[in-house]
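The structure appears below as structure tokens.
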Amino acid sequence: MSTEDRPPAPRSLAEALRARGDAALGALLRSRPDLITPVPTDLTQLATRAGTRASVVRALERLDRFALQTAEALAVAADPAAYGELLGLMAGDDADPAVVQALPHAVDVLREQALVWGDDDRLRLVRTARELLAPSPQHPSPTGLGPSVQEATAGMSPGRIQEIVTAAGLASTHDSVSAVTALAGLFTDRAGMAALLADAPADSLEVLERLVWGPPYGQVTADPAPRLRWLLDRGLLLPTAPGTVVLPREVALHLRRGLAHRTPEPVPPVVEAAAVHRPQVVDSTAAGQAYTALATVEELLKDWDEGGPAVLRAGGLSVRDLKRTAVALDVPEPGAAFWVELAYAAGLIASDGEADERYAATPAYDEWRELPAAERWSRLVTAWLAATRTAGLVGGRDAKDRTLSALGPGLDRSAAPEVRHRVLALLAGLPEGAAPAAGPVLARLRWERPLRGDRREDDLRGRLAEWALSEAELLGVTGRGALSAQGRVLLGAPAAPAPGPEAEPSGPGDKLPVHHHHRPAPLAPLSAAEQAVASAAAARLLAPLLPEPLDHVLLQADLTAVAPGPLRRPLADMLGVLADVESKGGATVYRFTPGSVRRALDAGQAASDLHAFLAAHSRTPVPQPLTYLIDDVARRHGHLRVGAASAYVRCDDDAVLNEILADKRATGLGLRRLAPTVLAAQADPSGLLEGLRVMGFAPAAESAEGDVLITRALAHRTPPRTAPEPVPDGPPVPDDTLLAAALRAIRAGDLASTTPRKPGAAPAVDGELPRTGAAETLATMQAAVLTGEALWIGYVNAEGAASQRVIAPVRVEGGFVTAYDHTADEVRTYPLHRITGVAELADDAG
């Protein structure tokens, strides 16, 4: 393209945005959704918003390390800078080939993000980004560079500047500006600087070596040492404040051989396999973890079925209740916090809202537990993927040094879902069965989002990634550190890449490198509808790998029952009442005790019911000791009756009552004989029941009518509750419909604000609407109907929102104008009283 045919270079960011097509503008709004919240009126306002500090900081935080390094280099380059100057800062005198190859893409990314605008010969970093990234004493540059010679000599006396120029071997000048320019020219001349430094004392060069990679500031005394004096006299060090000197940027760049960064990182760290397993082993291991996850959540909800721990006044679980839950689940306390938070994120537990507020299962739990096992798993994992509540923070401290508790406030981290998704996406980029080490995954994440970790006291993003890896293993999304087939489907990931023939693993411990010299397109998070489809597909894939529920147990002579696998729900529920769980694992061992049998009898079961139940569900004959145990407990069950006197005990056998009165353990119950078969007690009925059971008796509660009270475990449920909403990480990414509407509105407003007016028409200033009287507006409209001309109008809708429009009036009647709206590309009708003014367009307007 000739110089005459080339379009004029943009003079502002707004003009650069105006030159973009809808696809490029839409890509900008997708990557920076804060720019359309709310929708700007035109491209000038969009450019202004893109340059605000909050928006620029947010955009910088989403750059990868090399794109950020490129922006940092532009912040220390001339404004504007040619592409060649930027290339020199990034690739150095040796022209690193990897940097040369990667730099065009990095510049394109900065342009797409509206952080850089202009052609390659005039690259401009937006002003706010330059202010954030340029070196200053208060905010050192990540490059380690200091101020330029011009900046460092500002305020220096002209005589001192001339002395420095002369000492550096340059001719004196008539003014300070030309002197500073000559000094800067010397420092950027490779040959001239080499000659100057050739005469430098060795200890002076050591000083420069200590400052060259930053920080560039040093301290000097009022009488500097000779090695410092030699540098100060030639401007190789310049004073910035009393007792402080700085290494000028141009000098540092010469010593660095032109590099703005000590270590440019154009290529992301390689994520490779630390171990390779057969895919079938990975999937079966993950399925086993998935089954354990379901069992753990069910055990938690079973433990809280009749009402869980109390809610702290500030919200959340107490440390003691978390420890108790950890013991009940047989997991460490951090693990207990994870399972509790997972159940909460899935909407299975919540606070009941009562005066004595406690945690309990929600009605959604009853629906969830009736689903097939694979679907229950997909519900849990889907909730985990989207949750912003972070269980790993439990036990830490918040900004006010308060302890963060499970289910309490302060656990939301908006970056958590994105980090989980990215970690799993990196695993999805490896071949099936390949498990990476945690280090390369964390290094890759730090390269992709360096600001999040490098400029915080703690690397939250790194910790989120570590938690994501361990939690994915706990849930069965991964197995042995590799992404399972159901996990891959859950992400909507494509089929795993096949290893090349030269990289075939020969054993399960062999490393399988997967090089990403060019950054692959990231795996985009799924929409809600897509996630539902993926979750259903993952459940179907997992279902055949889970063990089938059994309808039988193996009774043993030592009063135990062995469940060789998961039990069907009615059997598991009944056995949980009749026996105590002794051990868990691949097989669950239940033990029958007098207390457990009494519990079943208290729940309304008769001895004959228990015998029939065991006979029907045992693959082995019912052992005689178990039969005797049930009959013995049943024979004594209800032999004693307890009622309210405060309480009383009655028994047809007065010898039993004599035995109770003689027992020293009955002293605290306050018993006295009312009749040969009745004892009165000062204790309440529940306390009396417990006391007699401690003494070895099996009393039954009695109603006021003398009937036996059957006590059943009553499930406590909260009112209907919704799962906690994730805290968004900024404005949501606009969907296609919203994006199309926003682009249309921005283009319309921009057309109205930039269309040329006829001479004499009031110009649009900062979006100001045209103003004309009602009579002039009506006359201009009627004239435009006859001539077919287009008009520029200002319009205020019923909600009070003002806009500028370009219309072609078709009809004016009844206080309304019907016109073809060029900005909306459709025919509309406007009330004349809402039109603020009208102006005619120039004849050559587009």
Side-chain angles (χ1 to χ4, degrees), residues 61-68 263 265-277 279 282 285-286 289 334 338 381 384-385 387 390-393 413-454 456 458-488 490-494 496-497 499 503 505 508-525 729:
E61 286 186 343
R62 278 158 173 72
L63 295 177
D64 62 49
R65 189 179 297 277
F66 188 64
L68 182 61
T263 310
E265 299 183 53
V267 179
V270 175
V271 177
E272 62 181 13
V276 179
H277 311 281
V282 170
T285 302
Q289 286 296 120
F338 168 69
V381 177
W384 170 73
L385 282 173
T390 309
L393 296 171
R413 295 296 182 271
S414 56
E418 188 267 337
V419 171
R420 288 191 199 106
H421 185 275
R422 187 62 191 133
V423 167
L424 296 179
L426 288 175
L427 269 61
L430 298 173
E432 290 186 8
V441 173
L442 299 181
R444 177 62 169 265
L445 289 176
R446 292 191 187 101
W447 186 90
E448 292 178 351
R449 294 286 176 85
L451 280 181
R452 287 293 178 96
D454 293 354
R456 302 294 171 92
D458 59 335
D459 184 5
L460 173 62
R461 192 174 175 84
R463 290 192 295 154
L464 288 173
E466 291 176 346
W467 293 332
L469 287 169
S470 61
E471 291 167 1
E473 192 75 13
L474 283 175
L475 286 170
V477 178
T478 60
R480 299 196 179 186
L483 190 64
S484 64
Q486 55 268 23
R488 191 178 300 276
L490 189 73
L491 289 178
D510 290 351
K511 288 190 175 183
L512 180 64
V514 179
H515 300 286
H516 298 293
H517 293 296
H518 300 286
R519 185 180 179 186
L523 188 62
D729 187 16

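Keep in mind the model is a prediction, meaning the values are calculated, not measured.
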Check: Should Arg449 and Val419 be marked as a side-chain contact (heavy atoms from CB on, under 4.5 Å) after you check the CA-CA gap, both sets of side-chain angles, and the distance that decides it?
Finding: CA-CA 10 Å; Arg449 294 286 176 85; Val419 171; over 6 Å; no
Item checked: Sidechain N-carboxylate O distance under 4.0 Å for Arg444, Glu272 -> no
Next item on the list: Working to the nearest 0.5 Å, report the span between CG of Leu464 and OG1 of Thr390.
Entry: 5.5 Å
Next item on the list: Write down the atom of Leu427, the atom of Arg488, and the distance for their closest heavy-atom approach.
Entry: O-NH2, 4.3 Å
Notebook entry, point to check: Counting N and O atoms only, with roles assigned by atom type, does the side chain of Glu473 sit under 3.5 Å from a partner on the main chain of Gly481, one being a donor and the other an acceptor?
Noted result: yes
Checklist line | Smallest separation among heavy atoms of Pro450 and Asp64, with atom names | finding: CD-C, 4.0 Å
Next item on the list: State, with a plain yes or no, whether a side-chain heavy atom of Pro436 is found less than 4.5 Å away from one of Leu426.
Entry: no
Note to self: Measuring only between side-chain heavy atoms, which start at C-beta, is Gln289 closer than 4.5 Å to Arg480?
What the structure shows: no
Check: Got a second to check how far Leu385's CG is from Glu418's CD, nearest 0.5 Å?
Finding: 12.5 Å
Margin query: Distance check, rounded to the nearest 0.5 Å: Leu490 atom CG versus Leu424 atom CG?
Written below: 8.5 Å
Checklist line | Side-chain heavy atoms of Leu475 within contact of Phe338, under 4.5 Å | finding: yes
Next item on the list: Keeping the roles fixed (side chain from Ser484, backbone from Val282), state whether a donor-acceptor pair exists under 3.5 Å.
Entry: no
Item checked: Minimal non-hydrogen separation, Ala273 against Ala434, with atom names -> CB-CB, 3.6 Å
Notebook entry, point to check: Can any side-chain N or O of Arg461 pair as donor or acceptor with the backbone N or O of Arg446 at less than 3.5 Å?
Noted result: no
Margin query: If you define the side chain from C-beta out and look only at heavy atoms, does anything of Val423 sit under 4.5 Å from Leu445?
Written below: yes
Next item on the list: Return yes if some donor-acceptor pair links the side-chain N/O of Arg420 with the main-chain N/O of Ala387 below 3.5 Å, else return no.
Entry: yes
Margin query: Could you check whether any side-chain N or O of Trp384 sits under 3.5 Å from a backbone N or O of Glu471, counting only pairs where one atom can act as donor and the other as acceptor?
Written below: no
Check: Minimum heavy-atom separation for Ala443 to Pro269, with atom names?
Finding: O-CG, 3.7 Å
